[in-house]
Amino acid sequence: GATRSRDSRTESKRIEVEVITMRIDEIEIRKAEIREEIKAASDPATLDALDAEVSAIEERVAQIKEEHEERKAREAEFWASIEEGKHYTGTVKSMTSYGAFVDLGCGVDGMVHMSELSWKHIKSPAEVVAVGDEINVFVKSFDAEKKRISLGYKTEETNPWNIFKSNFAIGDVAAVTIVSMMPFGAFAEIVDGVDGLIHISQIADKRIGKPEDVLAEGQDVQVKITDVDAENKRISLSIRALLEETPAEEAEEVEEVEAE
């Protein structure tokens, strides 16, 4: 896969040079034809027109060569300044089953591997980006000799676990969505990309046979965060803890009223 992609990029560069050469060759052929026409022509107006076309052709050839040289210079400058961690704004040029190629300008492109596109497991790069998208990327590694660049897209700021830690702590109450159920409990999404487990013993304040007796996938519920295992990135949630707190709070309110 990766070898074919490198070969295709090399082939693309070769074709680009060939196209430029062909354009210049075609123009030179036309210029030679004009010279022959000039020899055969006697009308001053025709000669002037042919001379003007020759001048235009020569300007176009010079322009094509200049554009090509400028692009080569920009590419050389790019490779001279690239370094790991450097950020670029690029355009998604194409996609494969394992990643996306991003045009960084100057005829240089790099690849964002699928594992670098999202913190969540994805089946296709198309779940995150599309051809033509302008995205911010950074250099993870590069080989200037082989003209290969490995790019990163996801950042620590977008890491769902870091987002969870910044917004929640043990004891907090959170609004969650039930995403799946197992015989031992239900998994609920707390933030995009982070799930917690509501053990079957923590779903209700009474014994239940299975999570489906009380919950359904897609259901939104309030839970209390009872434990966070940061090392293994596991979160324990409880609905029961909130149910048990409510009667206690109501009892306290009654006692306060009676005291008055």
Side-chain angles (χ1 to χ4, degrees), residues 85 87 98-100 112-130 133 135-138 140 151-260:
H87 287 252
Y98 53 84
V112 185
H113 191 271
M114 189 156 62
S115 62
E116 290 295 326
L117 282 170
S118 174
W119 288 101
K120 297 190 294 183
H121 175 72
I122 57 173
K123 295 180 180 179
S124 165
E127 293 179 38
V128 181
V129 296
D133 282 357
I135 62 174
N136 294 314
V137 293
F138 59 93
K140 290 186 67 69
L151 299 170
Y153 177 67
K154 65 183 185 183
T155 63
E156 285 303 314
E157 289 78 14
T158 60
N159 184 336
W161 183 258
N162 290 342
I163 294 171
F164 166 77
K165 288 195 299 179
S166 298
N167 292 281
F168 297 97
I170 294 174
D172 285 354
V173 175
V176 302
T177 303
I178 306 301
V179 291
S180 64
M181 284 184 277
M182 304 292 286
F184 54 82
F187 286 97
E189 184 180 73
I190 307 165
V191 298
D192 188 23
V194 176
D195 297 344
L197 173 66
I198 311 171
H199 190 269
I200 191 169
S201 65
Q202 298 300 312
I203 290 176
D205 54 2
K206 60 184 178 182
R207 186 179 181 84
I208 61 172
K210 56 186 184 298
E212 290 89 341
D213 291 343
V214 177
L215 300 172
E217 286 187 21
Q219 183 180 348
D220 295 328
V221 295
Q222 294 282 317
V223 297
K224 187 172 186 176
I225 299 171
T226 56
D227 188 49
V228 177
D229 181 347
E231 185 178 346
N232 297 303
K233 292 184 171 58
R234 291 177 181 168
I235 305 165
S236 298
L237 306 173
S238 175
I239 297 173
R240 180 177 175 177
L242 296 180
L243 297 173
E244 290 175 346
E245 285 176 4
T246 302
E249 290 171 358
E250 289 174 351
E252 286 177 10
E253 289 176 4
V254 170
E255 287 175 6
E256 287 175 5
V257 171
E258 290 176 350
E260 290 174 2

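Because the structure is a prediction, the values reported are computed rather than measured. Below, each value reflects all heavy atoms present in this structure, side chains not excepted, and no hydrogens, waters or symmetry copies.
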Looking at every heavy atom in both [X] and [Y], which two are closest together, and how far apart are they?
X      : Y      : answer
Val112 : Tyr153 : CG1-CB, 3.9 Å
Met181 : Glu217 : CE-N, 3.6 Å
Pro183 : Pro211 : O-CD, 3.9 Å
Gly152 : Glu116 : CA-OE1, 4.0 Å

message: Tell me which pairs pass salt bridge (charged side-chain N to carboxylate O under 4.0 Å, His left out) where either residue lies in residues 154-170, with sequence neighbours left out.
response: none
- prompt: How far apart are the C-alpha atoms of Glu244 and Arg240, what are their side-chain angles, what is the distance that settles it, and do they pass the salt bridge (charged side-chain N to carboxylate O under 4.0 Å, His left out) test?
  reply: CA-CA 6 Å; Glu244 290 175 346; Arg240 180 177 175 177; 2.8 Å; yes
message: For Ala130, give me all partners under side-chain contact (heavy atoms from CB on, under 4.5 Å), at least two apart in sequence or on another chain.
response: Asp133
- prompt: With Ile170, which residues qualify under side-chain contact (heavy atoms from CB on, under 4.5 Å), at least two apart?
  reply: Asp227, Val228
- prompt: Of all residues at least two apart in sequence or in a different chain, which pass the side-chain hydrogen bond (donor to acceptor under 3.5 Å, both in side chains) check with Lys140?
  reply: none
Could you tell me the separation between the [atom1] atom of [X] and the [atom2] atom of [Y], rounded to the nearest 0.5 Å?
X      : Y      : atom1 : atom2 : answer
Gln222 : Lys224 : CD    : NZ    : 13.0 Å
Asn136 : His87  : CG    : NE2   : 8.5 Å
Leu117 : Tyr98  : CG    : OH    : 13.0 Å
Phe187 : Leu215 : CZ    : CG    : 13.0 Å

- prompt: Do the non-hydrogen side-chain atoms of Thr226 and Leu237 ever get within less than 4.5 Å of each other?
  reply: no
- prompt: Are Val214 and Ile239 side-chain neighbours, meaning at least one heavy-atom pair lies under 4.5 Å?
  reply: no
Name every donor-acceptor pair, under 3.5 Å, that has one atom in a side chain of residues 171-180 and the other anywhere in the protein, sequence neighbours excluded.
residue: Asp172; atom: OD2; partner: Ala169; partner atom: N; Å: 2.8
residue: Thr177; atom: OG1; partner: Asp220; partner atom: OD1; Å: 2.7

Checking [X] now: which residues fulfil ring pair (Phe, Tyr, Trp, His ring centres under 6.0 Å) with it, not counting sequence neighbours?
X      : value
Phe184 : none
Phe168 : Phe164
His121 : none

Under 3.5 Å, which donor-acceptor pairs do the side chains of residues 191-204 form with other protein atoms, sequence neighbours left out?
residue: Asp192; atom: OD1; partner: Lys120; partner atom: NZ; Å: 3.1
residue: His199; atom: ND1; partner: Ser201; partner atom: N; Å: 3.1
residue: His199; atom: ND1; partner: Ser201; partner atom: OG; Å: 2.9
residue: Gln202; atom: OE1; partner: Ser238; partner atom: OG; Å: 2.7

task: Please name all residues satisfying salt bridge (charged side-chain N to carboxylate O under 4.0 Å, His left out) with Asp213, sequence neighbours left out, ordered by chain then number.
output: Lys210
- prompt: Out of Asn162, Asn159, Thr158, which one pairs with Trp119 under the side-chain hydrogen bond (donor to acceptor under 3.5 Å, both in side chains) rule?
  reply: Thr158
